[in-house]
Visitor: 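Below is the structure I would like to discuss, written out as structure tokens.
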Amino acid sequence: MNLLDVSNVTTGYGATVVNRDVSVTLGENEVITILGPNGAGKSTLLRTIVGLVKPRAGTISFAGENVTGRTPDIMAKRGVVLVPEGRRIFGDMTVEENLRLGAYARRDTEAVEADVKTMERFFPILATKRQQKGGSLSGGQQQMLAIARGLMARPRVLLLDEPSLGLSPLLVKEIQTIILDIGKTFNASVLLVEQNAGLALSVATRGYLMQNGRIATSGPISDLKDMSLMRELYLGGVAQKV
């Protein structure tokens, strides 16, 4: 049984349909990626999975339960958490306060305290910045804080929306290592939407390629690299962002 199963989902905003009959699956401790040109509907799909956008058709199942249309707070409690594009940390709050906000729905106080320390070990830079305002961090540090805040909810599925956006190649390498370690350290699966095709292809085992709101093709990463559409869009340099 898949941990997350998005089946024939159609969604959009107002009169505009963005995703059309999209199906995606994610297994336990798996990293998959969704690639596609700007405007393909990747971020809308993530927002639909976590309940920020209501699907017009299709179903979303998590751990065998139909969660279609559930609100974001319920999805977070179930274990499906989104780290949105643009980081969206709280700049006027300290690093520690941002981390604790990630655990807002939890009542296991002692475990939350332990998890704050776990995040500071996993993201050492956050330990040194613990009492600094989130807005004072560099872009890369803010991205690490955003991921750590998402992990504070103890998700079983972490949705990452373009985590390398605006980061230097050195920081992208750090993000790569973090994504690869999330499964074994936090027992979470990752669904990655990423503008950097090289990063996405290096961390995922399977991928989906979206065009015009639909899944154009999917398969193991090794197969995707060999597909002519994939080479045209990303490996041939035609598209710089996905």
Visitor: So do the side chains of Ile74 and Arg78 get within less than 4.5 Å of each other, counting heavy atoms only?
Guide: yes

Visitor: Report the distance from atom CD of Gln142 to atom CG of Asn98, rounding to the nearest 0.5 Å.
Guide: 9.0 Å

Visitor: Looking at residues at least two apart in the chain, or sitting in another chain, which of them share a side chain to side chain donor-acceptor pair (under 3.5 Å) with Thr10?
Guide: none

Visitor: Main chain of Ile125, side chain of Thr128: is a donor-acceptor contact present, judged purely on distance under 3.5 Å?
Guide: yes

Visitor: For Met93, which fellow cluster members are found when Ile, Leu, Val, Met, Phe, Trp and Tyr are connected by side-chain heavy-atom distances below 4.5 angstrom, either directly or through intermediates?
Guide: Phe90, Leu101

Visitor: Considering only heavy atoms from C-beta outward, does the side chain of Val50 approach that of Leu159 to under 4.5 Å?
Guide: yes

Visitor: Does the side chain of Leu192 come within less than 4.5 Å of Ile179's, by heavy atoms?
Guide: yes

Visitor: How about Ser164 and Glu194: does a side-chain donor come under 3.5 Å of a side-chain acceptor?
Guide: yes

Visitor: Are the side chains of Ile32 and Val24 in contact, using a 4.5 Å heavy-atom criterion?
Guide: yes

Visitor: Begin with the C-alpha distance, continue with both residues' side-chain angles, and end with the deciding distance and a verdict on side-chain contact (heavy atoms from CB on, under 4.5 Å) for Ile215 and Leu209.
Guide: CA-CA 6 Å; Ile215 300 297; Leu209 182 59; over 6 Å; no

Visitor: Please report the interatomic distance NZ(Lys173) to CG(Leu167), rounded to the nearest 0.5 Å.
Guide: 14.5 Å

Visitor: Is there a donor-acceptor pair closer than 3.5 Å between any side-chain N or O of Thr205 and the backbone N or O of Val31?
Guide: yes

Visitor: Just so I know, are the side chains of Val112 and Arg107 near enough to count as touching, which here means a heavy-atom distance under 4.5 Å?
Guide: no

Visitor: Can you see which heavy atom on Ile60 is nearest to which on Thr48, and at what distance?
Guide: CD1-O, 3.7 Å

Visitor: Going by side-chain heavy atoms closer than 4.5 Å, which hydrophobic residues are tied to Val18, directly or by a chain of links?
Guide: Tyr13, Val53

Visitor: Indicate yes or no: at least one non-hydrogen side-chain atom of Tyr208 is less than 4.5 angstrom from one of Val22.
Guide: no

Visitor: Can you get from Met75 to Val193 by hopping between Ile, Leu, Val, Met, Phe, Trp and Tyr side chains that sit under 4.5 Å apart?
Guide: yes

Visitor: Check whether Arg20 reaches the backbone of Asn212 with its side chain - one donor and one acceptor, N or O, closer than 3.5 Å.
Guide: yes

Visitor: Set out, in order, the CA-CA distance, both residues' side-chain angles and the distance that settles side-chain hydrogen bond (donor to acceptor under 3.5 Å, both in side chains) for Thr44 and Asn19, then state yes or no.
Guide: CA-CA 7 Å; Thr44 296; Asn19 297 137; 5.1 Å; no

Visitor: Indicate whether any N or O donor in one side chain lies under 3.5 Å from an N or O acceptor in the other, for Ser202 and Gln176.
Guide: yes

Visitor: Under the 3.5 angstrom rule, does the side chain of Lys42 hit a backbone N or O of Pro37 as a donor-acceptor pair?
Guide: yes

Visitor: For Ala114, does its backbone N or O pair with a side-chain atom of Thr118 as donor and acceptor, under 3.5 Å?
Guide: yes

Visitor: May I ask you to decide if Asp92's main-chain N or O and Lys133's side chain share a donor-acceptor pair within less than 3.5 Å?
Guide: yes

Visitor: Of the non-hydrogen atoms in Gly27 and Glu30, which two are nearest, and what is the gap between them?
Guide: N-OE1, 2.7 Å

Visitor: Indicate the atoms forming the closest heavy-atom contact of Asn8 with Ser23, along with that distance.
Guide: N-OG, 2.8 Å

Visitor: Could you see if Val172 belongs to whatever hydrophobic cluster contains Leu165? Use Ile, Leu, Val, Met, Phe, Trp, Tyr and a side-chain cutoff under 4.5 Å.
Guide: no

Visitor: Crowded around Glu110 CD? As in, over 12 foreign heavy atoms under 6.0 Å?
Guide: no

Visitor: Is there a path from Ile182 to Leu126 through hydrophobic residues (I, L, V, M, F, W, Y) whose side chains come within less than 4.5 Å of each other?
Guide: yes

Visitor: Search all heavy atoms of Pro55 against all heavy atoms of Thr68 and return the closest pair with its distance.
Guide: CG-CG2, 3.5 Å

Visitor: What are the two closest heavy atoms between Ile49 and Val80, and how far apart are they?
Guide: CG2-CG1, 4.1 Å

Visitor: If hydrophobic clusters are built by linking Ile, Leu, Val, Met, Phe, Trp and Tyr wherever their side-chain heavy atoms come under 4.5 Å apart, do Val67 and Leu191 end up in the same one?
Guide: yes

Visitor: How far apart are the closest heavy atoms of Leu160 and Leu46, and which atoms are they?
Guide: O-CD1, 4.1 Å

Visitor: When you compare the side chain of Gln143 with that of Val83, does any pair of heavy atoms fall below 4.5 Å?
Guide: yes

Visitor: Taking it one step at a time, do Val95 and Gln131 satisfy side-chain contact (heavy atoms from CB on, under 4.5 Å)?
Guide: CA-CA 6 Å; Val95 167; Gln131 297 307 319; over 6 Å; no

Visitor: Can you find a heavy atom in the side chain of Phe123 that is under 4.5 Å from one in the side chain of Ile178?
Guide: yes

Visitor: With sequence neighbours excluded, give me every salt bridge (Lys or Arg N to Asp or Glu O under 4.0 Å) pair touching residues 122-131.
Guide: Glu96-Arg130, Glu120-Arg130

Visitor: Working to the nearest 0.5 Å, report the span between CD1 of Ile147 and CZ of Phe122.
Guide: 8.5 Å

Visitor: Kindly write out the residues that satisfy side chain to side chain donor-acceptor pair (under 3.5 Å) with Thr59, not counting sequence neighbours, or none if the list is empty.
Guide: none

Visitor: Taking Thr94 for its side chain and Glu97 for its backbone only, find out whether a donor-acceptor pair lies under 3.5 Å.
Guide: yes

Visitor: Does Gly58 offer a backbone N or O that forms a donor-acceptor pair with the side chain of Ser7 under 3.5 Å?
Guide: no

Visitor: How long is the straight-line distance from OG of Ser218 back to CG of Asp223, given to the nearest 0.5 Å?
Guide: 10.0 Å

Visitor: Check for a donor-acceptor pair, side chain of Arg206 on one end and backbone N or O of Thr25 on the other, with a separation under 3.5 Å.
Guide: yes

Visitor: How far does CZ of Arg47 sit from CD of Glu85, to the nearest 0.5 angstrom?
Guide: 10.5 Å

Visitor: Please determine whether side-chain contact (heavy atoms from CB on, under 4.5 Å) holds for the pair Val9 and Asp21, giving the CA-CA distance in whole Å, both sets of side-chain angles, and the decisive distance to 0.1 Å.
Guide: CA-CA 5 Å; Val9 162; Asp21 198 33; over 6 Å; no

Visitor: Apply side-chain contact (heavy atoms from CB on, under 4.5 Å) to residues Thr33 and Val203 and explain how you reach the verdict.
Guide: CA-CA 8 Å; Thr33 187; Val203 298; over 6 Å; no

Visitor: Does Val6 share a hydrophobic cluster with Val190, counting links as ILVMFWY side-chain heavy atoms below 4.5 Å and allowing steps through other members?
Guide: no

Visitor: What pairs with Arg106 under side chain to side chain donor-acceptor pair (under 3.5 Å), at least two apart in sequence or on another chain?
Guide: Asp108, Asp115

Visitor: If you round to the nearest 0.5 Å, how far is OG1 of Thr217 from CG of Leu35?
Guide: 11.0 Å

Visitor: Please check: side-chain N/O of Ser61 versus main-chain N/O of Gly64, any donor-acceptor pairing under 3.5 Å?
Guide: no

